[in-house]
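Data block below; observations after.
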Amino acid sequence: MCKNNVPAADAKLKGAAAASTVLKTISKSELASHNTPRSAWCAVHSTDASGKYTGGHVVLDITSFASKHPGGDLILLAAGKDASVLFETYHPRGVPHSLVKKLQIGVMEKGAYENSFYSWDSDFYKVLKKRVCERIEEKGLQRRGSGEILIKALFLLAGFWYSLYHMYTQTSFTNAAIASISMGIFAAMIGVNIQHDGNHGAFAKSKFINKFAGWTFDMIGGSAFTWELQHMLGHHPYTNVLDEVEHKRKEEEIDCKLEEKDQESDPDVFSSFPLMRMHPLHEVSWFHRYQHIYAPFLFALMTLAKVFQQDFEIILTGKLYHIDATVRYGSMWNVMRFWSMKIITMFYMMGLPIYFHGAVKGVGLFVIGHLAAGELLATMFIVNHVIEGVSYGHKSVTNDEGVKVAKPATLQGETPMERTREQVMNGKADKSTVPSVPFDDWAAVQCQTSVNWSSGNWFWNHFSGGLSHQIEHHLFPSICHTNYCYIQEVVQKTCEEYGVPYQNEKNLFVAYGKMLNHLKFLGRSKQL
């Protein structure tokens with residue numbers, strides 16, 4: 001949300017290891033100004049030598065370290081902001097305290113991020129990360145990359161180019177259209193199986209191979225930079241969370257500087273599809289009563305909207321809603337890559353079909369391929385977060401006493417975690433033996449706002465690029481998706497132990513039906 005008052009400065013680092021050290025105090029506006037590849041600072045919550053959170057935030061200069069970072073320039077996405085979620089989720093084995101101290105250049109002003117929706121005090125996520133890493137080692141698996149994903153990638157890339165070639169050379173428009181649909185399906189599968197892991201730094205151990213895998217999204221017509229901004233800086237850290245104050249300002253067309261906007265808001269729940277109501281805080285319109293009917297047709301337009309509207313809007317405005325795009329487009333090399341790939345892909349995805357089949361048929365083939373890709377992608381994505389039983393976070397919501405309420409709830413106002421915690425408590429003679437975890441614990445919120453389907457199934461895990469294990473993916477985005485069916489049992493049992501919800505649907509078709517029912521309810525329920 002927009003903020004007018006600057007919190008008082010505090011020049012003392014609140015960490016036991018450096019309690020007596022005076023460091024530079026940095027404001028949010030100063031931090032936000034260091035958001036380019038040439039000057040990249042980020043804030044992460046501070047811990048003592050034992051790993052206990054101290055309540056403050058340290059500021060790290062990652063400019064030079066980016067070239068040495070094992071994950072490559074992914075770290076630059078953290079520039080200019082509170083990167084605590086990225087810091088935690090992309091390092092399941094942790095980051096050496098000595099490295100943090102080496103990169104530290106100051107501390108954030110007192111209270112800079114005190115209104116966060118999330119809590120990090122529970123040991124739930126720490127225990128979960130430890131157990132998952134142990135399971136991966138026990139199975140002899142690699143955290144990043146695998147032979148399975150490499151073989152699948154080669155097959156999908158071959159299928160895409162083979163289908164594209166046949167779309168050019170078929171003399172019959174019907175056969176060319178079939179080839180275009182095939183091309184669109186392979187493009188969608190490249191999106192969820194190759195670029196997804198590549199841009200998360202999980203496709204391979206090599207940062208160069210990961211970069212190439214991420215580039216395949218540009219190859220199929222999109223922009224990996226747009227995807228990184230929306231998913232890695234918006235959707236993943238703040239799943240199904242919406243800042244009510246900022247949302248109202250947006251409806252009233254009131255804007256403020258990017259550094260003053262609250263970054264804890266999920267762009268997927270308010271931006272992915274026009275004419276859709278996907279969050280209970282959204283205003284209800286008359287046509288939303290029918291959104292469960294027209295949604296499947298609207299889904300097909302997803303990739304066309306991304307390619308022709310969102311990608312260009314971001315590079316021209318320098319932002320994606322409340323997310324500053326300078327972290328990527330502050331680099332001239334990245335800007336050149338964006339424009340050159342747009343020209344090249346339009347040549348072989350639209351230009352050549354027009355050359356071989358004429359203008360009308362050529363454009364038609366291009367659209368057909370995108371409709372196939374959009375429908376498949378949207379189907380596999382939306383059922384994970386917009387479905388019966390899923391919870392939503394309402395940022396800036398307070399109770400009657402004016403106290404902040406950080407408790408995810410369903411459309412019906414229920415908090416499933418209250419029920420799961422009670423079930424665990426009732427099963428114990430000594431309730432004090434049940435580990436404590438608050439409703440707003442970051443990892444617990446991911447479990448409350450995400451839904452699996454076909455959990456543990458090897459085939460569907462591969463088919464969906466790990467999207468069928470959405471809970472595991474959100475908790476461990478830097479782990480290759482081919483591992484999810486092996487760590488799923490560990491995640492589910494740990495959730496049951498702590499009383500954290502773990503929702504799984506029998507299969508994609510059941511999940512899809514529940515998603516449509518959810519959209520129907522959303523379209524007819526009142527605005528919160």
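Within the 4.5 Å cutoff, no side-chain heavy atoms of Pro408 are placed close to those of Met417. Residues Trp453 and Ser464 meet the side-chain proximity criterion, which asks for heavy atoms closer than 4.5 Å. At least one side-chain heavy atom of Glu30 sits less than 4.5 Å from a side-chain heavy atom of Trp41. For the pair Val445/Phe117, a side-chain contact is recorded, criterion being any heavy-atom separation below 4.5 Å from C-beta on. With a 4.5 Å cut-off on side-chain heavy atoms, Pro416 and Thr410 count as touching. Looking at heavy atoms from C-beta onward, Lys81 lies out of side-chain contact with Asp324 at the 4.5 angstrom threshold.
Between the side chains of His236 and Thr89, no donor-acceptor pair of N or O atoms lies under 3.5 Å. Between the side chains of Gln195 and Thr216, no donor-acceptor pair is found at a separation under 3.5 Å. There is a side-chain donor-acceptor pair under 3.5 Å between Glu472 and Asn452. A donor atom on one side chain and an acceptor atom on the other are found under 3.5 Å apart for Tyr238 and Gln263. Inspection of the Ser285 and Arg277 side chains reveals no N or O donor paired with an N or O acceptor under 3.5 Å. In summary, the side chains of His282 and His288 do not present any donor paired with an acceptor at a separation below 3.5 Å, with no hydrogens or angles considered. Between the side chains of Gln470 and His474, at least one donor N or O lies within less than 3.5 Å of an accepting N or O.
With sequence neighbours left out, the side-chain contact (heavy atoms from CB on, under 4.5 Å) criterion links Arg289 to Arg524. For Lys319, the salt bridge (charged side-chain N to carboxylate O under 4.0 Å, His left out) test picks out Asp255, with sequence neighbours left out.
Heavy atoms from other residues, nucleotides or ligands lying under 6.0 Å from CZ of Phe212 number 12 at most. Around the NZ atom of Lys207, the shell of radius 6.0 Å holds more than 12 heavy atoms that belong to other residues, nucleotides or ligands. Enclosure of atom CZ in Phe287 by more than 12 non-hydrogen atoms of other residues, nucleotides or ligands within 6.0 angstrom is indicated.
Relative ring orientation between His196 and His473 is described as perpendicular, the plane-to-plane angle rising above 60° on a 0-90° scale split at 30° and 60°. Relative ring orientation between Phe338 and Phe312 is described as perpendicular, the plane-to-plane angle rising above 60° on a 0-90° scale split at 30° and 60°.
Closest of all the heavy-atom pairs between Lys514 and Glu505 is NZ-OE1, 2.9 Å. Residues Ile471 and Cys447 approach most closely at CG2-SG, 3.9 Å, considering heavy atoms. Of all heavy-atom pairs spanning Ala83 and Cys42, the tightest one is CB-CB, 4.2 Å. The minimum heavy-atom distance linking Ile62 with Ile75 is given by the pair CD1-O, 3.3 Å. Between Phe366 and Met349 the shortest heavy-atom distance is CD1-O, 3.3 Å.
The backbone N or O of Ala204 lies less than 3.5 Å from a partner atom in the side chain of Asn210, making a donor-acceptor pair. Checked by atom type and distance alone, the side chain of Gln448 pairs as donor or acceptor with a backbone atom of Ala444 at under 3.5 Å. His322 contributes a side-chain N or O that, together with a main-chain N or O of Ser265, makes up a donor-acceptor pair within less than 3.5 Å.
For His200 and Trp227, the gap between ring centers is short of 6.0 Å.
At least one test fails for Lys306 against the ring of Phe217: distance under 6.0 Å to the centre or angle within 45° of the axis.
Evaluation of the salt bridge (Lys or Arg N to Asp or Glu O under 4.0 Å) test over residues 194-205, restricted to residues two or more places apart or in two chains, returns none. Note on residues 214-224: pairs passing salt bridge (Lys or Arg N to Asp or Glu O under 4.0 Å), not counting sequence neighbours, are Asp218-Arg337. Pairs of residues two or more places apart, or lying in two chains, that qualify as salt bridge (Lys or Arg N to Asp or Glu O under 4.0 Å) and include a residue from residues 222-240 are Glu228-Arg328.
For the atom pair CD of Glu388 and CG of Leu522, the computed distance is 10.5 Å after rounding to the nearest 0.5 Å. Once rounded to the nearest 0.5 Å, the distance linking NE2 of His469 with CG of Asn483 reads 11.5 Å.
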Anything under 3.5 Å between a donor and an acceptor, one on a side chain of residues 67-74, the other on a protein residue two or more places apart or in another chain? List them.
{"unit_1": "Ser67", "atom_1": "OG", "unit_2": "Ser64", "atom_2": "O", "d": "3.0"}
{"unit_1": "His69", "atom_1": "ND1", "unit_2": "Gly71", "atom_2": "N", "d": "3.3"}
{"unit_1": "His69", "atom_1": "ND1", "unit_2": "Gly72", "atom_2": "O", "d": "3.0"}
{"unit_1": "Asp73", "atom_1": "OD1", "unit_2": "Lys211", "atom_2": "NZ", "d": "3.0"}
{"unit_1": "Asp73", "atom_1": "OD2", "unit_2": "Lys211", "atom_2": "NZ", "d": "3.0"}

Query raised in the report: Checking side-chain contact (heavy atoms from CB on, under 4.5 Å) for the pair Tyr118/Asp440: CA distance, chi angles, key distance, verdict?
Result: CA-CA 5 Å; Tyr118 301 102; Asp440 61 350; 5.7 Å; no
